[in-house]
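Notes follow the structure.
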Amino acid sequence: MDAATVQQHDEHHLTLTEVLVWLVEDGIIPKDDAKALRAERRLKGSGKIHPLVLIAEQGWRSLRKPNRLLNLETLTEWMAERTGLDYLHIDPLKIDFTGIADVVSSAYATRFSILPISIDLQEVVIATSEPFLREWETELEHILKKRIRRVLANPNDVSRYLVEFFNLARSVKKAAQQGVNYVSGLSSFEQLVELGRGNQQLDANDQHIVHIVDRLWQYAFDQRASDIHIEPRREVGIIRFRIDGVLHQVYHVPMGVLAGMTSRIKLLGRMDVIEKRRPQDGRIKTRTPEGAEVELRLSTLPTAFGEKLVMRIFDPEVLVRDFTQLGFSRDDTIRWKEMTSRPNGIILVTGPTGSGKTTTLYSTLKQLATPEVNVCTIEDPIEMIEAAFNQVQVQSAVEMGFAEGVRALMRQDPDIVMIGEIRDQETAEMAIQAALTGHLVLSTLHTNDAPSAITRLLDLGIPDYLINSTMLGVMAQRLVRTLCPHCKTAAPMTEVEQETWRNLVYPWKANEPQQIYHPVGCLECRMTGFSGRVGVYELLLMSQEIKKLVTKETIIVKVRDQASREGMRPLRISGALKVASGLTSLEEVLRVVPPAETQEE
C-alpha cells in the first residue's frame with residue numbers, strides 16, 4: 001500500500017483484524033495464529049489497546065528471514081512501510097520539547113494522539129501511530145502555514161512522550177511566568193554578574209521547578225548518563241548528558257528556569273543556596289524509576305553567566321563487579337591480585353580524569369575489606385560511600401589535606417590505606433612512609449602509561465632507593481566504549497585497517513584478526529553503535545631487574561622494554577586484543593589509547 005492509497009483511505013483507527021490480514025498477506029505470521037488471536041480478542045475485547053501493542057505481546061517471530069522478533073518497534077517499522085509513511089523512533093535526547101509544545105496544545109495533541117517532533121521554516125514533522133487519521137493535518141497546515149509531514153512511531157512512545165513532553169514544557173513555562181527572571185532581559189554584563197551573585201531570589205521549592213528536576217533525573221537514568229551538566233549561557237541554559245564518555249546536548253531552557261533548577265538541586269544537596277561566588281560540593285542519594293539506589297555527587301562553579309552545576313551519577317553496583325566485568329583479562333587479573341595480596345608496599349593506578357581509576361580501586365578495596373582488615377581511605381571528595389571502609393574527606397579549610405590525612409590515619413591502626421591522589425611531594429613522602437611502616441597503600445597518579453609513574457615520583461623528589469623499597473607495581477588504564485551486541489557487524493579488514501592495525505601493535509607481534517566488528521546503531525544502543533564501557537589495562541610489576549633500572553638517571557624506555565620482556569602488555573596491545581575479540585572497534589581504541597610516539601619518554 002503506497003502513500004496515495006493511504007491518502008484515499010477512509011478515516012478510521014487501525015483495527016486488529018486489518019493488521020492481522022496484512023501480516024498474513026505479507027507472509028509474516030501464519031494464518032492460524034492470526035485466526036486464534038482474533039478469536040481470543042473477540043471474547044476478551046481489545047478495548048482501547050492499539051492493535052500493534054496486542055500483536056507485540058504475543059512474542060511471535062517473523063516467518064520471513066531473518067525471523068526477527070515481532071516486537072513493537074519491528075511491527076511499527078513494518079506498518080510504516082506497508083502504509084507508505086516514514087518510520088521514526090522517538091529519541092527524547094533529540095527533541096526540543098519547549099519548541100514542539102508551541103505547535104499544538106496538549107488537549108489537541110491528546111485528542112488525535114499526535115506528537116510534534118520538529119519544526120523549521122517550511123515543515124512540521126508530526127509523529128502518529130494512526131496512519132488513517134488525517135483530519136487534523138489540514139487544520140494544522142492552515143493554522144501553522146507550514147507543510148505537515150507525518151511519520152509513524154511506536155504507539156507506546158507516542159502516548160508516553162505526549163504526556164511527558166507537554167507536562168515538562170508546561171512546567172518550564174509556568175516556572176518562567178512565576179517570577180523566574182530571564183537573563184536575556186538583562187542589559188549589561190554587570191547585571192549578569194549580579195544575577196550570579198544571588199541577588200535574584202528564586203524559589204527552589206516551586207512545584208514546576210521540582211517537576212523539571214525530577215524529570216531531568218529520570219531522563220538521565222533512562223539514557224545511562226554518567227554525568228549531567230547544567231550550564232548557563234547569556235540567553236539560554238544548556239543541559240548536557242555524558243553517555244559512554246561522550247557529551248550529548250539534551251535541552252535548552254530559559255536562564256531563569258535553569259537558575260531555579262540549580263537552586264533546587266543545591267538545596268537537596270545541602271549546599272549553600274545563596275552563596276554563588278565560590279565552588280561548592282554536595283551529595284544527593286536518590287532512586288531510579290526501577291527502585292535502584294543511586295548517588296549523585298554535585299559540584300558547582302561560578303561562571304560569567306551564573307553557576308555551572310555538574311552532577312556525577314554513581315551506581316553502587318560498580319562496587320560488586322568482579323575484575324572480568326571491569327575488562328581485566330585472565331593475565332591482568334593474576335598480575336593485579338599478585339600485587340594487591342602483598343602485606344605492604346605501594347600500588348599506583350594511573351590515567352587521565354574519567355578513565356575509571358577510582359572504580360578499579362573501589363572494586364579492589366571491596367574485595368580486600370574483610371572483617372579481619374582495617375581499610376581506611378583519604379579522598380577529595382569521597383566518591384562513593386561504602387560501609388566496609390573508613391572514609392576520610394580532605395578538608396582544606398581546616399588544613400587537612402592528603403598528607404595530613406595520611407599522617408592521622410597512621411595512628412588509626414590501618415592495614416590498607418587508599419590515598420585519593422598523589423599530587424605533591426609531601427603526599428608522596430607520606431605514602432612512602434606508610435608503605436615502609438608495614439601498610440599496603442593504593443593511590444592514583446596522572447601519567448600517560450605505567451612506566452612513566454616512576455619518573456613522575458622521581459620528579460616529585462622521591463629518592464630512587466625509596467621507590468625500589470616500596471613500589472609493588474603500577475597499572476595504567478583507559479576506558480573504551482563497547483560495541484552494542486545487538487547491532488555490531490563483522491567485516492574483513494580493509495587495507496587501510498590492516499595498516500592501522502600494524503601501526504597499533506608495532507613493534508609487538510599480534511596476529512591480525514580475520515575480521516573486526518564495526519558500530520552500526522540500533523534502538524538498543526540509541527543509534528550510537530556502542531553500549532557501555534570497559535577498561536584496557538597496562539600492568540607493570542616491579543621485578544628485581546626493573547628495580548636495577550630505577551636510578552636518578554632513569555631512562556624510561558629501558559624500563560618499558562624490560563617490563564615488556566617480563567610480560568607487561570601495553571595499553572595499545574590490550575586495546576587491540578579487545579578489537580580482535582569483537583568487544584570494541586579499531587577507531588574507538590585509537591581515540592582513547594595514546595599512540596607510542598606520544599607516550600612519555
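Bear in mind the structure is a predicted one, so any value in this text is a computation, not a measurement. Worth knowing before you read on, the calculation uses all heavy atoms, side chains too, and leaves out hydrogens, waters and symmetry mates.
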Does [X] reach the side chain of [Y], with side-chain heavy atoms less than 4.5 Å apart?
{"X": "M493", "Y": "W501", "answer": "yes"}
{"X": "L296", "Y": "R283", "answer": "no"}
{"X": "I126", "Y": "V151", "answer": "no"}
{"X": "K488", "Y": "V520", "answer": "no"}
{"X": "P116", "Y": "V125", "answer": "no"}
{"X": "E139", "Y": "Y108", "answer": "yes"}

Going from [atom1] on [X] to [atom2] on [Y], what distance comes out if it is rounded to the nearest 0.5 angstrom?
{"X": "R240", "Y": "L247", "atom1": "CZ", "atom2": "CG", "answer": "4.5 Å"}
{"X": "E524", "Y": "E73", "atom1": "CD", "atom2": "CD", "answer": "9.5 Å"}
{"X": "L539", "Y": "I334", "atom1": "CG", "atom2": "CD1", "answer": "11.5 Å"}
{"X": "L216", "Y": "R264", "atom1": "CG", "atom2": "CZ", "answer": "12.5 Å"}
{"X": "I228", "Y": "R312", "atom1": "CD1", "atom2": "CZ", "answer": "12.0 Å"}

Output all residues satisfying side-chain hydrogen bond (donor to acceptor under 3.5 Å, both in side chains) with [X], sequence neighbours left out; order by chain, then residue number.
{"X": "R297", "answer": "E383"}
{"X": "W336", "answer": "T364"}
{"X": "Q515", "answer": "none"}
{"X": "Q477", "answer": "T360"}

Could you pull out all residues at least two apart from [X] that satisfy side-chain contact (heavy atoms from CB on, under 4.5 Å)?
{"X": "S159", "result": "none"}
{"X": "I28", "result": "L23, D26, S62, R64, L70, W78"}
{"X": "A34", "result": "L20, V24, I29, R38"}
{"X": "L72", "result": "L52, V53, A56, T76, N154, P155, N156"}

Specify the closest pair of heavy atoms between H12 and E18, including all atoms of both residues, with the distance to one decimal. NE2-OE2, 2.9 Å

Which atoms form the tightest heavy-atom contact between V103 and I119, and what is the distance? CG2-CD1, 3.9 Å

Please walk me through it: do R147 and E141 pass salt bridge (charged side-chain N to carboxylate O under 4.0 Å, His left out)? CA-CA 6 Å; R147 182 173 66 252; E141 282 185 337; over 6 Å; no

Can you tell me if [X] and [Y] form a side-chain donor-acceptor pair at under 3.5 Å?
{"X": "E137", "Y": "H142", "result": "no"}
{"X": "H518", "Y": "E497", "result": "yes"}
{"X": "S585", "Y": "R481", "result": "no"}
{"X": "D332", "Y": "S329", "result": "yes"}

When the ring planes of F323 and F328 are compared, do they come out parallel, tilted or perpendicular, using 30° and 60° as the limits? tilted

If the plane angle is over 60° it's perpendicular, under 30° parallel, otherwise tilted; pick one for F241 and Y251. perpendicular

Evaluate whether atom CD of E495 has more than 12 neighbouring non-hydrogen atoms of other residues, nucleotides or ligands under 6.0 angstrom away. no

Would the number of heavy atoms belonging to other residues, nucleotides or ligands and lying under 6.0 Å from CG of N67 be above 12? yes

With no hydrogens and no angle check, is any side-chain donor or acceptor of [X] less than 3.5 Å from a backbone partner on [Y]?
{"X": "S581", "Y": "K578", "result": "yes"}
{"X": "K357", "Y": "G351", "result": "yes"}
{"X": "E386", "Y": "A388", "result": "yes"}
{"X": "W60", "Y": "E57", "result": "no"}
{"X": "Q58", "Y": "I55", "result": "no"}
{"X": "E130", "Y": "L14", "result": "yes"}
{"X": "S129", "Y": "A153", "result": "no"}

Checking [X] now: which residues fulfil ring-ring contact (aromatic ring centres under 6.0 Å, His included) with it, not counting sequence neighbours?
{"X": "Y87", "answer": "none"}
{"X": "F165", "answer": "Y161"}
{"X": "F314", "answer": "none"}

Does a side-chain N-to-carboxylate-O contact under 4.0 Å join [X] and [Y]?
{"X": "E77", "Y": "R68", "value": "yes"}
{"X": "E123", "Y": "K146", "value": "no"}
{"X": "R134", "Y": "E11", "value": "no"}
{"X": "R569", "Y": "E538", "value": "no"}
{"X": "E164", "Y": "R160", "value": "yes"}
{"X": "R82", "Y": "E25", "value": "yes"}
{"X": "R149", "Y": "D86", "value": "yes"}

Residue of the set L483, V505, I516, L590 for which side-chain contact (heavy atoms from CB on, under 4.5 Å) holds with V579: I516

Salt bridge (charged side-chain N to carboxylate O under 4.0 Å, His left out) with D214: which residues, sequence neighbours excluded? none

Does R224 make a cation-pi contact with F221 (under 6.0 Å, within 45 degrees of the axis)? no

